[in-house]
Undergrad: 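I have a structure here, written as structure tokens, and I will follow up with some questions on it.
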Amino acid sequence: MATVLELRGITKRFPGVLANDHIDLTLNKGEIHALLGENGAGKTTLMNILYGLYKPDEGEIYIHGQKVSIDTPSASIAAGVGMVHQHFMLIPVFTITENVMLGEESMRGGLFLDRETAAGRIREISESYGLAVNPYAYVKDLAVGVQQRVEIIKLLYREADILILDEPTAVLTPQEADDLFKIMRNLAAAGKSIIFITHKLREVLDVADRITVIRLGHVVGSTTPSEASQRSLASMMVGREVILHVDRAPATPGKPVLTVENLQVLDDRNNLAVDGVSLEVREGEILGVAGVQGNGQTELVEALTGLRAPLSGKIAMLEKDITHAAPRAITELGAGHIPEDRQEDGLVLTYSVADNLALQTYYRPPFAKGPVLQERTILSNAVDLIEKFDVRTPGPAIRVGALSGGNQQKVIVAREFSRPTRLMIASQPTRGLDVGSIEYIHSRLVEKRNEGTAVLMVSSELDEILELSDRIAVIYRGRIVDVLQAGEATKELLGLLMAGIDPMEARKLGAEKAG
Amino acid sequence: MAQRKSNTPQSPESKAKRKNPATILFEEVSGGSLAVPLLAILSGLLLGGLIIVLTTEEMYARIAGGDILGGLGTGIGAALKSYAALFTGSIGDPGRIFSALQNGDALSIRRAFNPFLESLVQSTPYIFAGLAVALGFRTGLFNIGAEGQLFIGALASVWVGFSLEGLPSIIHIPLALLAGAAGGALWGFIPGLLKAKAGAHEVINTIMMNYVAFRLSEYLLRGPLRRPETFNPVSPFIEDSAKLPRFFEAPIRFHLGFFIALGLAYVVYYFLFKTTWGFNLRTVGANPHAARYAGINIVWSTMLAMSLSGALAGLAGANEVLGVNYNLAVAFSSGYGFDAIALALLGKSHPLGVVLSALLFGFLRNGAIRMQVSAGIPIDIISVLQAFIIAFIAAPAIVRTIYRVRLQTEGETTFVSGWGGS
Ligand SMILES: Nc1ncnc2c1ncn2[C@@H]1O[C@H](COP(=O)(O)OP(=O)(O)OP(=O)(O)O)[C@@H](O)[C@H]1O
Ligand SMILES: [Mg+2]
């Protein structure tokens with residue numbers, strides 16, 4: 001097979017970090033090459049170098065055997081490299097066509113945008129690779145999975161033949177992820193080459209042709225799905241055996257900590273997103289909320305944490321009415337919150353790691369004496385937590401925005417877990433984390449529960465829900481359609497319930513499938 | 001092969017102990033990129049010089065006469081002469097300073113240093129107003145209304161200054177300053193309230209409040225606050241007890257206000273970076289979503305920030321009334337409140353940066369007067385110069401490209417987006 005891309009000895013240093021250490025990598029024509037590695041291993045950095053966002057300190061890039069120098073994204077696009085970032089770079093109020101044309105406008109008569117021709121090409125592209133989209137739809141109306149397709153179309157429109165996808169599945173539903181894999185296979189079959197970054201080992205084994213594992217900035221090895229297993233990949237990444245299951249004793253639930261009665265919440269567009277939810281979370285249990293993303297989970301959690309005013313209904317925590325309480329009042333009652341969108345809600349990216357680790361408690365002793373911040377305490381608290389939660393950072397004073405995605409998540413988890421809490425509301429707590437960190441956070445969640453904390457965990461990962469929950473509430477279109485005991489839940493049953501199948505029907509079908 | 005240098009946290013003490021407060025302050029203001037402002041200033045000066053050259057009519061006359069080199073020489077000579085005048089006008093004549101120091105005559109020493117001291121006087125309102133705008137920026141608020149707040153502050157303090165009689169200075173001065181701060185605070189609070197409660201954009205409302213302030217002061221100065229013995233719209237002179245003390249005999253106007261401004265810059269720094277209130281405001285400015293998540297009251301923070309910002313701008317007005325003019329006329333401000341926006345940007349919204357930029361602006365303004373008198377260059381060239389500097393600051397990419405400065409930390413992290421750390 002022809003080699004389309006070769007990276008030789010790529011090295012990149014950041015202040016205090018060797019992010020890439022003489023990395024060699026080859027990519028063949030028509031290949032899906034998975035890049036695996038712990039949080040902070042240097043995957044994104046390597047891809048940003050290939051995409052011209054960072055300049056390597058050492059090393060060479062060869063495309064089709066030619067040495068190239070890529071120092072801007074436009075140089076990289078010209079060389080046929082395209083990248084889909086984790087956060088999409090689309091303009092919501094533009095149509096798909098306009099978004100795709102942006103920066104590459106084809107003109108008619110030198111003055112008018114030629115939307116028809118562009119739309120035609122988009123249709124061609126979408127038909128030949130199975131990327132179904134309507135060129136005239138507005139981006140703001142699209143589901144996440146479709147927006148991602150638009151990003152891929154943008155690359156193909158610019159005739160990229162090396163595609164980089166950085167954690168594309170982290171925000172997708174399992175169904176959307178399967179669609180993406182189909183598209184990726186079509187692209188590979190048509191001769192495109194793909195570099196695919198993910199933390200989900202199952203996906204790697206499903207879709208990759210070749211797998212390269214990076215640890216601490218250098219390549220530790222290459223393998224193929226037929227030679228590897230989840231277990232072997234995990235230990236290659238982390239450098240030790242990873243236990244993919246958490247041991248936990250049956251729950252011994254105590255008093256109710258959180259009670260929700262008939263809650264109704266509107267979303268940003270004033271649609272009823274949460275439609276009469278009632279639930280209860282008790283001391284010492286983990287209640288998992290399972291559901292396809294966009295079924296009201298976000299609004300439910302926002303209402304519970306005081307970030308969104310409910311329309312009607314009642315929320316009580318420890319027998320206090322918190323229906324209209326401010327976020328801080330709820331925090332002070334002993335609630336912890338791992339928010340779904342870590343960069344928007346959970347962190348101030350321009351602040352240091354230390355300040356972010358004190359974000360919920362900076363105004364109280366020991367972090368403040370009266371109105372005066374105690375910088376030393378804030379700093380030494382950070383040093384402790386960085387060590388305890390294995391946050392990979394050059395130091396506590398580094399801007400949190402400079403950390404890798406997974407390490408940013410660890411900063412939030414460390415902050416929320418290090419406080420005494422009676423209630424922990426965790427939204428997608430392990431999104432973007434490597435297996436080692438997931439193992440760690442799972443065991444800490446169980447530990448919290450064993451200490452008597454009530455845990456409400458919202459996750460779109462069925463494995464995570466099944467692994468940790470003592471009870472599982474399934475949410476569909478803003479309603480809790482069923483609550484299952486840990487023992488009776490299976491992946492099949494959950495899948496059916498999440499798709500809106502009537503519980504009675506679903507149980508029957510689920511039993512048939514299992515049997 | 002190089003080992004991964006450090007993945008483990010360094011102890012905070014090891015770092016904190018080695019640095020003294022000054023370096024920490026310096027690093028905070030520069031953010032590792034002091035190069036850009038300095039190069040922007042340099043570029044501004046060069047371009048300003050070029051404009052002086054290009055507008056020298058004599059140069060064209062000589063070039064037209066065939067004397068190209070001589071013509072260019074004239075042009076460049078004019079620019080050099082202008083900048084020399086700018087220098088002596090703002091800092092002083094080195095020869096004069098030297099000889100004055102040598103013969104030790106107190107009067108001539110004072111005279112020799114007067115340009116320098118006068119520049120400090122000119123810088124003082126810039127410091128106050130710059131701090132006002134910077135505090136707003138830090139909270140994510142664009143306070144365009146510093147000029148109006150400054151007028152209201154001046155009105156309040158002049159009124160306290162002339163209407164209260166028989167007070168000792170130690171009471172009268174603080175009272176007059178406080179009145180200025182309160183007036184400005186009120187003028188900032190109103191748009192703050194509208195923003196916080198009704199979501200009305202502060203840019204629009206502070207601009208509106210400017211007009212109200214201008215008209216209000218005109219009305220007051222023509223009516224209730226007019227000095228009885230004149231028909232001009234000027235207020236009575238303030239009582240001696242309200243005047244900020246001057247350190248030297250006339251004509252040197254250098255007064256206490258400068259040190260008050262410096263002290264306040266430190267207070268603002270401490271407030272913003274060392275207290276929980278400052279943390280609140282900065283967090284609201286840096287990421288309002290995260291601020292809400294962290295339990296910060298955004299409504300309250302917005303109102304507080306606008307009021308404090310207004311108070312600082314009001315003090316700029318009070319300072320001019322109590323330290324320089326001793327009365328209030330309609331045209332007393334030469335747009336300090338507007339220049340302050342540029343200045344806060346130049347100073348990266350950091351109090352130390354603001355002080356440095358305010359000094360730059362004050363020295364330029366003061367030197368420009370001399371430049372106009374002795375080199376015949378219109379004082380407006382200073383506005384052009386400031387505009388260039390601001391343009392370069394606002395578009396650091398230009399400066400970086402021209403001077404090939406590679407600013408690792410800043411330049412690269414602008415690309416960091418997305419929670420994949422990518
Ligand atoms: N702009 C930057 N400035 C300073 N350090 C950085 C910057 N970008 C990345 N780093 C550091 O480089 C290292 C590698 O980061 P990178 O984002 O490449 O990790 P990653 O493998 O993509 O991890 P994740 O799976 O968590 O996304 C990390 O230690 C990170 O802190
Ligand atoms: Mg990454």
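In what follows, chains are A, B, ... by sequence order, proteins preceding strands, each numbered from 1.
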Undergrad: Any chance you could measure A/T305, atom OG1, to B/Y293, atom OH, to the nearest 0.5 Å?
TA: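 Between A/T305 OG1 and B/Y293 OH, I get 8.5 Å after rounding to 0.5 Å.
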Undergrad: Let's go through A/L373 and B/F273 carefully: what are the C-alpha distance in whole Å and the side-chain angles of both, what is the deciding distance for side-chain contact (heavy atoms from CB on, under 4.5 Å) to 0.1 Å, and is it a yes or a no?
TA: CA-CA 8 Å; A/L373 292 170; B/F273 296 100; over 6 Å; no
Undergrad: Looking only at non-hydrogen atoms, find the nearest pair between A/D345 and B/H289 and report the distance.
TA: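 For A/D345 and B/H289, the tightest heavy-atom pair comes out as OD1-CB, 3.3 Å.
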Undergrad: What are the two closest heavy atoms between A/R308 and B/R292, and how far apart are they?
TA: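 In this case the closest contact between A/R308 and B/R292 is N-NH2, 4.2 Å.
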Undergrad: What closest approach, in Å, do B/G295 and A/P327 show between heavy atoms, and which atom pair accounts for it?
TA: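 Where B/G295 meets A/P327 most closely, the heavy atoms are CA-CB, 4.2 Å.
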Undergrad: Contact part of A/D355 toward chain B, heavy-atom cut-off under 4.5 Å: side chain, backbone, both or neither?
TA: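 Both backbone and side chain.
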Undergrad: Hey, what do you get for CD (A/Q360) to CD1 (B/I296), rounding to the nearest 0.5 Å?
TA: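 Nearest 0.5 Å value for the CD-CD1 distance: 9.5 Å.
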Undergrad: What part of B/Y270 gets within 4.5 angstrom of chain A, counting heavy atoms only: side chain, backbone, both, or neither?
TA: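 Answer is side chain: those atoms of B/Y270 sit under 4.5 Å from chain A.
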Undergrad: For B/N287 and A/Y351, what are the C-alpha separation, side-chain angles and deciding distance, and is it a side-chain contact (heavy atoms from CB on, under 4.5 Å)?
TA: CA-CA 10 Å; B/N287 181 352; A/Y351 280 12; over 6 Å; no
Undergrad: So what's closer than 4.5 Å to chain B heavy atoms on A/E344: side chain, backbone, both or neither?
TA: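 Both parts, heavy atoms under 4.5 Å.
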Undergrad: Using a 4.5 angstrom heavy-atom cutoff, name the option from A/A354, A/A329, A/A326, A/P339 with the most pairs to chain B.
TA: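 So the answer, after comparing A/A354, A/A329, A/A326, A/P339, is A/P339.
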Undergrad: Kindly give the heavy-atom pair with the smallest separation between B/A290 and A/L347, and that separation in Å.
TA: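 Taking B/A290 first and A/L347 second, the nearest heavy atoms are CB-O, 3.6 Å.
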Undergrad: Of the non-hydrogen atoms in A/A368 and B/T276, which two are nearest, and what is the gap between them?
TA: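 Result for this residue pair: CB-CG2, 3.6 Å.
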Undergrad: Below 4.5 Å from any heavy atom of chain B, which atoms of A/R364 appear? Answer side chain, backbone, both or neither.
TA: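 Looking at A/R364, nothing touches chain B.
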Undergrad: A/Y363 side chain to B/N280 main-chain N or O, any donor-acceptor pair under 3.5 Å?
TA: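 No; zero donor-acceptor contacts below 3.5 Å.
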Undergrad: Minimum heavy-atom separation for A/L359 to B/A294, with atom names?
TA: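 That would be O-CB, 3.4 Å.
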